[in-house]
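Have a look at the structure below, then the notes.
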Amino acid sequence: MIELGNTKEQIDLVFQWGSQNPQTGYYFDRQVENFRDSAMYLKKVESINGGGDNKLIIGDNYDALNNLLITHKEKIDVIYIDPPYGMNNEGEFAKTNYENKIERDSLLSMLEPRLEIAKQLLNDEGVIFCSIDDKNQAYVKLLFDRVFQNSNFISSLIWHARRGGGNDTKLVAVDHEYIIAYAKNKNSCLLIGRKKTDDDFVLQDEHLKTRGKYNLQQFDRASLTYTLTLDYPIECPDGSKLFPGHVNKLKWDQRRKNTAKRNDWRWMMSEETYKKAKENDFIVFEKKNGVWRVKVKTYQFIDYKLKKKDRLLKLRSIITSSNTQDGRKDLENLDIKSFDYPKPVKLISDLIQNYAKSNATVLDFFAGSGTTAQSVLELNKDGGKRKVFLCTNNDKDDRNPNGIAKDTTIKRLKKINIPINVYEINQAEIYSGDNSLLNLIDEVDYDLPKFTSRIKKIEWVTNNFKVTTRGLIKKP
C-alpha cells in the first residue's frame, strides 16, 4: 500500500492506519475458530436433590456457553468466573493441577471467545466478576476492556486472600488477588449494594418495632457545593446557637456574604426539613468537653421523611471478609479433599448479594468444585429465589479418577442439598442419519415442551444450532 502511495500525505495515512492497535494496547497470539461437521448439544443425565431450575453442564465450557446462548441469551444477571491462572506457585500445586501450564497467550485466547458469548448471555442490567492473580490482572483487564468496553469497567476489587506466609516470590509476599468487575451496561447495572441488616446498626430506641435499629451520623459536613439554604443556625438545648463547622457568629455572617462558588461547611438538610426531622425524633444533641454536637438518626427501615427505606451498603473495593483457608474449610466441612485452592463461599456470596435482584440467575462457567452453587444456596436463606448455572469439565487426576465434575462437583452439590439438573455435552452429526442432531437432541433438555410436529423441530434445530458447530483449532 505504501508503494502505491502517490504523495507523502497518502503514505502518512497508511502509516497512521497501520500503527493503530485494535487490541487496546496489547497483542496475543490467538487461536482460530473453524466450522466442523458435528454439533455439540445438551443431554440431561440426572437430577440431584429433586432437580429444580438450577443446572450443571459437564463438558467444554465453550460448548456449554454456546448451548446456553440458545435458551438464555440476555437472561443472565450475574456471572462469576475463576479461570485457571497458570503456574502461580512452583511446587506440588503446579504439578497436580497445571502440568500443561497455561501460558498467557493461551489464557487470553481461551478467555476471549468465552467472554464474547458471556456478554451476549448477560442482560442489560447484568454484571460479570472474574478472579485473577497479580501476574495476569493487567492483561486480562485489557481483554475485558476490549470485549465489554472500558466505559463499562466497574472496579478491580482487591481480595485479601492470604494471612501471613505468602512465599510466592523471593522479593514480595503476595497476599492478594484481584476480582475484575464489569457491567454489560454501566448505566443500568443493578450492582447497587446489599441490604443492611441488624448487624449493620448498633443503637435502638422506643421506635424499634416500626423503624428498626439506628446509627448516628454527623449533621454537618464539608461540601464541595456550598449551599446558602443549608447554612442556618440551630438552637441547642441550652438556647445557644450552633452553626455548620462550629464557627462563631461573626465568621458565619462573613461566610453567608461570600457569593463565590466554593466548598464549605453546611448542614445535610434544609431548615424546614430539619424542623420536621427534629419533631419526629430524628435529631440528637450531644455535648462533649463543653461543645455541642448535633447528629441525625439513620434508621434501618425508615428515612427522616418517615418513608420506607431499604438501606444499602455498597460493595467495597477491598475485600477482607474471607481468605483461601476459608475455601479449604468449606470443602473439609463437607468431607471433600479432592480439590485444591477453592474460592470461599463467603467471597462469592459477598459479590452476588450486592446485586439488587433476589431472583437473579447466576452463571459460573469455570465452576470447579461448585462454590458458586453453595454461595447462591446460602444467599437464598433471605427468602430469595436465585438460580445458578454451572459449567465445568470432567478432567481426571489421581484424586478424581472419574473426573472433577463427578468426583468433586456433584459430590458437593449432593451434600449441600441443592436441587440441580445435570447435563453433559454430547456430539452429533449435523446431517441426516441415526446419529444426526435432529434425531439425538431432546427439546425438553432445553426447557421446551415436546414439539407437536417434526417440521417444528427441524425449524428449531436449523435456527438455533449453527453456533454449536463452531470449534477451536489449537496450535500444534
Side-chain angles (χ1 to χ4, degrees), residues 20-33 61-62 64-66 68-69 72-86 88 102-159 161 176-192 314-319 343 347-348 350-352 354-355 360-368 372 389 391 472:
Q20 291 176 355
N21 190 338
Q23 299 309 320
T24 327
Y26 78 113
Y27 169 82
F28 62 91
D29 192 7
R30 282 172 173 72
Q31 298 173 349
V32 183
E33 295 184 22
N61 58 9
Y62 180 74
L65 290 171
N66 274 324
L68 283 175
L69 203 55
H72 285 82
K73 185 176 183 179
E74 298 182 349
K75 293 182 180 179
I76 303 296
D77 297 292
V78 180
I79 296 176
Y80 170 80
I81 57 172
D82 183 17
Y85 310 157
N88 294 324
I102 294 186
E103 302 289 352
R104 186 168 290 137
D105 279 356
S106 297
L107 171 64
L108 297 173
S109 291
M110 177 267 293
L111 275 177
E112 185 179 42
R114 288 159 175 80
L115 293 181
E116 294 282 5
I117 304 173
K119 183 180 180 182
Q120 296 179 65
L121 288 168
L122 278 177
N123 62 42
D124 211 41
E125 301 167 339
V127 61
I128 181 170
F129 299 100
C130 176
S131 284
I132 201 69
D133 64 346
D134 196 28
K135 295 177 185 176
N136 293 298
Q137 184 269 344
Y139 299 90
V140 172
K141 183 188 180 299
L142 286 173
L143 179 60
F144 268 82
D145 279 344
R146 194 195 70 73
V147 175
F148 285 90
Q149 305 304 313
N150 183 55
S151 59
N152 290 315
F153 171 65
I154 297 174
S155 180
S156 286
L157 306 170
I158 298 170
W159 175 43
H176 72 284
E177 293 182 17
Y178 289 95
I179 302 171
I180 301 170
Y182 279 77
K184 172 72 172 284
N185 183 338
K186 199 171 180 179
N187 293 327
S188 54
C189 182
L190 290 181
L191 189 74
I192 59 176
K314 287 185 178 179
L315 178 63
R316 310 301 298 183
S317 62
I318 299 177
I319 302 174
K343 291 296 186 290
L347 174 66
I348 302 177
D350 284 347
L351 301 176
I352 299 172
N354 285 277
Y355 190 78
T361 300
V362 180
L363 169 64
D364 181 348
F365 55 89
F366 288 96
T372 301
F389 297 167
C391 307
L472 295 178

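FYI, the numbering just counts along the sequence from 1.
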Among Leu122, Asp77, Leu68, whose side chain to side chain contact (heavy atoms under 4.5 Å, CB included) with Leu363 holds? Leu68
Looking at Val127, Leu157, Val78, which hits side chain to side chain contact (heavy atoms under 4.5 Å, CB included) with Leu351? Leu157
From Asn136 CG over to Leu143 CG, what is the distance, rounded to the nearest 0.5 angstrom? 11.5 Å
Ile81 and Asn61: side-chain contact (heavy atoms from CB on, under 4.5 Å), yes or no, with the steps? CA-CA 11 Å; Ile81 57 172; Asn61 58 9; over 6 Å; no
Could you check if a side-chain atom of Tyr355 sits within less than 4.5 angstrom of a side-chain atom of Glu125, using non-hydrogen atoms only? yes
Separation between CD1 (Ile154) and CZ (Phe129), nearest 0.5 Å, reads 6.5 Å
Checking Leu142 against Phe144 for the side-chain contact (heavy atoms from CB on, under 4.5 Å) test, could you report, in this order, the C-alpha distance in whole Å, the side-chain angles of both residues, the deciding distance, and whether it holds? CA-CA 5 Å; Leu142 286 173; Phe144 268 82; over 6 Å; no
Taking all non-hydrogen atoms of both residues, which atom of Lys343 and which atom of Ile348 are closest, and how far apart? CB-CD1, 4.3 Å
Could you walk me through whether Lys184 and Asn123 satisfy the side-chain contact (heavy atoms from CB on, under 4.5 Å) test, starting with their C-alpha distance in whole Å, then the side-chain angles of each, then the deciding distance to 0.1 Å, before giving a yes or no? CA-CA 7 Å; Lys184 172 72 172 284; Asn123 62 42; over 6 Å; no
With side-chain contact (heavy atoms from CB on, under 4.5 Å) as the test, would you mind laying out the steps for Ile79 and Cys130 before giving the verdict? CA-CA 8 Å; Ile79 296 176; Cys130 176; over 6 Å; no
Please answer whether the main-chain N or O of Glu177 pairs with a side-chain N or O of Asp133 as donor and acceptor at a distance below 3.5 Å. no
Distance check, rounded to the nearest 0.5 Å: Tyr182 atom OH versus Lys119 atom NZ? 11.5 Å
Heavy atoms, side chains only, cut-off 4.5 Å: are Pro83 and Arg114 in contact? no
Do you know the tightest heavy-atom contact between Ser317 and Ser155? CB-OG, 4.2 Å
With under 30° as parallel and over 60° as perpendicular, where do the rings of His176 and Tyr178 fit, or are they tilted in between? perpendicular
Quick one: NZ on Lys186 to CZ on Phe148, what's the gap to the nearest 0.5 Å? 14.0 Å
Look up atom CG in Leu115 and atom CZ in Phe365, then write down how far apart they are to the nearest 0.5 Å. 5.5 Å
Nearest 0.5 Å, what's the CG-CG distance between Asp350 and Leu315? 8.0 Å
